[in-house]
Amino acid sequence: MNDHPDLWSKSQSPDPFDQIMTCSSVEDFRKLLRAYHCTRCPLSSEIKQNPTTSRGNPNRHVMMVGEAPGHNEMIQGIPFVGKAGQLMDKIFESIGWTSEKDIYVTNICRCRPVDNRTPLVHEAKTCISYLKKEIDLIKPRFILTLGATSAKYLLGSALPSTAMKDIVGRFFQSEEYPHIDFFVLYHPAALLYNSKLRDPMWEHIQLFRDHLSRG
Ligand code: URA
């Protein structure tokens with residue numbers, strides 16, 4: 001028996017991270033994560049921030065995974081609401097989808113790295129626990145990875161190369177997620193800087209749409 005009252009009450013209070021990891025709905029996941037002051041990696045102290053969550057339709061079988069939130073996403077607490085997200089919305093519109101209705105939108109990392117640098121390995125590997133929980137709740141049939149970071153941390157050694165030019169527009173599978181087909185896309189932010197990537201991006205999204213419509 002534990003006869004120390006302080007220790008006893010601490011051990012009884014539910015840990016917020018455990019609550020997130022054991023919740024049973026996307027609604028609870030979003031609510032708990034948004035309220036949680038996560039300190040599991042140094043990103044939370046680089047810029048004072050609570051984790052961003054997700055947006056879109058949790059009942060669809062397509063999930064889109066980006067890298068990490070930017071400034072606008074941190075303010076609103078949801079991913080892909082800035083320029084890159086608006087461009088992505090247009091790309092989905094070109095195949096008749098809206099990101100709110102037809103897809104679930106989330107990220108590898110939940111906090112914004114300073115100056116939007118690429119997340120460090122230990123940041124991404126720590127934060128991916130939240131994405132794994134989402135995958136478990138949603139059970140997507142397809143995951144669209146956006147950009148090199150998303151492909152790297154979801155597919156790792158299942159990829160023949162880490163260079164985007166070798167993997168973009170292609171389907172992959174991973175032993176870790178046996179029921180999911182992954183399709184690699186450019187990150188929309190890359191299209192904002194390099195307009196030469198726009199045509200291939202449109203071709204790739206159509207290829208994905210055609211694959212889906214063939215069943
Ligand atoms: N870029 C990302 O990868 N994710 C966002 O949420 C916003 C920009």
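Each ligand, and each atom within it, is numbered from 1 in the order the structure gives. Since the structure is predicted, the reported quantities are computational estimates derived from the model, not experimental observations.
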> Quick test of your reading of the structure: of G82, A68, G85, whose heavy atom lies closest to atom 8 (C) of ligand 1?
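Ranked by closest heavy atom to atom 8 (C) of ligand 1, first place is A68.
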
> Show which atoms of ligand 1 fall inside a sub-4.0 Å distance from at least one heavy-atom site of H187.
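Near H187, meaning under 4.0 Å from one of its heavy atoms, ligand 1 has 1 (N), 2 (C), 3 (O).
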
> Report, in ascending order of atom number, the atoms of ligand 1 lying under 4.0 Å from any heavy atom of E67.
2 (C), 3 (O)

> Are the ring centres of H61 and Y104 closer than 6.0 Å?
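Ring-ring flag for H61/Y104: false, centres at least 6.0 Å apart.
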
> Are F142 and F182 close enough that their ring centres sit under 6.0 Å apart?
no

> Give the numbers and elements of all ligand 1 atoms closer than 4.0 Å to a heavy atom of G66.
3 (O)

> Between OG of S24 and CG of L137, what distance do you get to the nearest 0.5 Å?
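Between atom OG of S24 and atom CG of L137 there are 7.5 Å.
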
> For the pair R141 (side chain) and I180 (backbone), establish whether a donor and an acceptor sit closer than 3.5 Å, ignoring hydrogens and angles.
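Such a contact is absent between R141 side chain and I180 backbone.
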
> Once you restrict to heavy atoms under 4.0 Å, what part of E73 touches ligand 1? Side chain, backbone, both or neither.
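The part of E73 near ligand 1 is the side chain, not the backbone.
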
> Give me the ring orientation class for H204 and F183: parallel if the planes are under 30° apart, tilted from 30 to 60°, perpendicular past 60°.
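Ring orientation, 0 to 90° scale: perpendicular.
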
> Looking at E67 and R110, does any basic side-chain N land under 4.0 Å from a carboxylate oxygen?
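Answer for the salt bridge query: no.
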
> If the cut-off is 4.0 Å to any non-hydrogen atom of P79, which atoms of ligand 1 fall inside it?
6 (O)

> At what distance is the nearest protein heavy atom to atom 4 (N) of ligand 1, and which residue and atom is it?
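For this ligand atom, the closest protein heavy atom is N107 OD1, 2.9 Å.
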
> Are any of the heavy atoms in A189 under 4.0 Å away from ligand 1?
no

> Pairs of nitrogen or oxygen atoms closer than 3.5 Å, one from F80 and one from ligand 1: do any exist?
yes

> Centre of F17's six-membered ring, under 6.0 Å away, within 45 degrees of the axis: is that where NZ or CZ of R40 sits?
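Here R40 passes the 6.0 Å and 45° test against F17.
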
